[in-house]
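Reckoned from all heavy atoms, side chains included, excluding hydrogens, waters and symmetry mates. Chain identifiers are assigned alphabetically (A, B, ...) following the order of the sequence lines, protein sequences preceding nucleic acid strands; residue numbering begins at 1 within each chain.
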Amino acid sequence: MAESGGSEGSASRRGFVALCAGVALAVVGGFRPAWAGGRGSRSPLPLSTEGCHGFAEAPRQTDHPEPRPGIDASGVLTNDELADAPHAIPVFDKIRQIPQIADGIFCHCGCAALPGYRSLLICYEEPAMAKWCEICQGEGNLTYRLHKAGKTLDQIRAAIDAKFG
Amino acid sequence: MSFRISAALTAALAATLLAPMPVAGQVRASELGTVGQTIDGTVIAIEYSRPKARDRDPLFGGVVHWGEHWTPGANWATTFEVNRDIHLNGHPVAAGKYSVWMVVQPDEWVVYLDPEARAFHTDPPDSTDAQIRFAVVPEERPFLETMTMWFPETSATGAILATQWGTTYVPMEITVEPSRPITLAAEAAEAYMGAYRLAWAIDPDEGEGDGDGPREAKFEVYYEDGSLMARVDPGPPWFRQLVLIEIADDWFNPGILDEDGQLYDVMAGLTLEFNVESGHAKGFDLRWITDEVIASAEREDSM
């Protein structure tokens, strides 16, 4: 067996601790129609994307935070601060109207793995990933639409998970 | 005093000589390799040391003796890790990390996974009920010097995991649990079936055509082989024949089937939201990932 599989038989080698190289999980590509990219300033996300970071293992858990009492939209970027992303002004306008709802929504784009993340509301505060991330924008628009339609926070969360989870 | 200084110098010198040196690269006869594959959210990761043939012949029945419990690799046992439950050659494998072993025989081999992932290759585990065991039949392929594990085939529902060393090739079929079924009960499908008139709010051919493509299409929803299907005419090539995959009440993602009717992509960035009244859909909105409506449809038939 000493030769089996090209074994490395010294005691010191036997004691070696294999480094966990990890598996590169980034998944790119996938089907994307022509119009899905290159529309204005939209990021060219493939339709099958799992998240803005492109990680296959972007957070998928249903881990919606509880909104902070008294939370407001004072941290949400103003229109003046969106000069480099005018296409995002409408959704930022919406989030400014519903900070207490947005603060109770989990963002599925993968940003939850970043330091300082708390809720979807954070995506609209400096550095405001929602300026470019279509998942942040989609969750923001859907949250606003369902809230205006009279849906409860739990119903909105369920819809968010169904569409983005 | 001089003794104390001398002792201190000696101790310092010894400490310098005995201190561990920074880890440097080290050539291994069987270098560590990793291979991974994601299928519908199931992540498969394999870590193994990769022996070389080095003119040794035969590899099986020689280097690896008949009847030997061999880990396909070298050094520490090859590990197989999955984040969700799968089936391997039809046998259920719970999410977790396992060491991989093969009982090598002239004809039929036995593969077994052991829940103790950390094991040295010379120390195969005793047989236990916790192991997953099944038989495989090796095939012969063109010679491969370095033992290799890879995924030569993938689909929406699984993959082939291949192991080869020399001319001996061992394929194993991995089947994953679908994240969402593409089937829908016939009674549930009835609400949506029928003919719709679809009006695009955008140019569906943008980037490919001149922007003057048809902005209206016939959108027919029908039921076939247990799935809710849609036919779009005229439609861009990627949006002519669809399977509608339910993600919530009255919400569907369009999916694309291959020529064999197997799902090969889900357009998770698009959602059809049907407007259902009194048990029948009156129309639907097609929304992009940003929630923007990119097309709307109204029912044409009399349902």
field: Contact list for residues 67-77 of chain A, test salt bridge (charged side-chain N to carboxylate O under 4.0 Å, His left out), sequence neighbours left out
entry: A:Arg68-A:Asp103
message: Quick check on B:Glu273 against chain A: is it the side chain, the backbone, both or neither that has a heavy atom closer than 4.5 Å?
response: side chain
task: Report the distance from atom CZ of B:Arg287 to atom CG of A:Asn141, rounding to the nearest 0.5 Å.
output: 9.0 Å
message: Could you work out, with ring-ring contact (aromatic ring centres under 6.0 Å, His included) as the rule, every residue matching A:Tyr124, not counting sequence neighbours?
response: A:Phe92
task: Below 4.5 Å from any heavy atom of chain B, which atoms of A:Ala159 appear? Answer side chain, backbone, both or neither.
output: both
message: Quick check against the 3.5 Å criterion: does B:Asp291 have a side-chain atom that pairs as donor or acceptor with the backbone of A:Gly138?
response: no
field: Residue of the set A:Glu134, A:Glu139, A:Lys163 for which side-chain contact (heavy atoms from CB on, under 4.5 Å) holds with B:Ile289
entry: A:Glu134
